[in-house]
Amino acid sequence: MQDAREKQGKHMIRSELVQKIASENSDLRLEEVERIVDSFFDSIVEQLAAGGRVELRGFGAFSTRSRESRTGRNPRTGAAVDVQAKAVPYFKPGKEMRERLND
């Protein structure tokens with residue numbers, strides 16, 4: 001029986017991304033690459049938190065979507081629970097990314 005990771009295909013975690021970038025850029029130290037990756041992700045989060053949008057041509061666009069408040073259910077007890085309205089992150093892949101994924 002295959003585990004869930006094999007069924008979903010290959011995956012990459014943050015540390016593997018940092019290692020890959022560092023191996024492809026031997027002039028940068030690992031610590032520098034980590035700072036760059038952290039800065040990149042932090043900048044996206046800060047822009048989204050401020051209600052903005054981040055567009056990376058050929059890759060995609062990050063934005064937020066609003067979810068209205070609703071009544072949910074506690075899965076253990078079945079009791080009704082009020083879920084507050086919130087903003088959730090949304091990613092729309094760019095045309096180039098969609099084409100590369102579907103080739």
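Since this is a predicted model, take the numbers as computed values, not measurements. Quick note: numbers below take in every heavy atom, side chains included, and nothing from hydrogens, waters or symmetry partners.
- Shown here are the side chain to side chain donor-acceptor pair (under 3.5 Å) partners of N25, two or more places apart in sequence or in another chain: there are none.
- The distance from the CZ atom of R57 to the CE atom of M97 is 15.0 Å, given to the nearest 0.5 Å.
- Heavy atoms only, all atoms of each residue included: T71 and A80 are closest at CG2-CB, 3.9 Å.
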Only pairs under 3.5 Å count here: list side-chain donor-acceptor contacts from residues 29-52, not counting sequence neighbours, and write none if there are none.
| unit_1 | atom_1 | unit_2 | atom_2 | d |
| --- | --- | --- | --- | --- |
| E32 | OE1 | R29 | N | 2.7 |
| D38 | OD1 | R14 | NE | 3.3 |
| D38 | OD1 | R14 | NH2 | 2.6 |
| D38 | OD2 | R14 | NH2 | 3.4 |
| S43 | OG | S39 | O | 2.8 |

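- Pairs of residues two or more places apart, or lying in two chains, never qualify as side-chain hydrogen bond (donor to acceptor under 3.5 Å, both in side chains) while including a residue from residues 91-103.
- The two residues H11 and E16 come nearest to each other via the heavy atoms O-OE1, 3.8 Å.
- Atom-to-atom distance recorded for L17:CG and I21:CD1 is 4.0 Å, nearest 0.5 angstrom.
- Other residues, nucleotides and ligands place more than 12 heavy atoms under 6.0 Å from the CD atom of E24.
- Remark: K86 engages no residue in a salt bridge (charged side-chain N to carboxylate O under 4.0 Å, His left out) (not counting sequence neighbours).
- Scored by the ring pair (Phe, Tyr, Trp, His ring centres under 6.0 Å) test, F91 finds F59, F62 as partners (sequence neighbours excluded).
- Judged as a salt bridge (Lys or Arg N to Asp or Glu O under 4.0 Å), not a single pair has a partner in residues 61-79 (not counting sequence neighbours).
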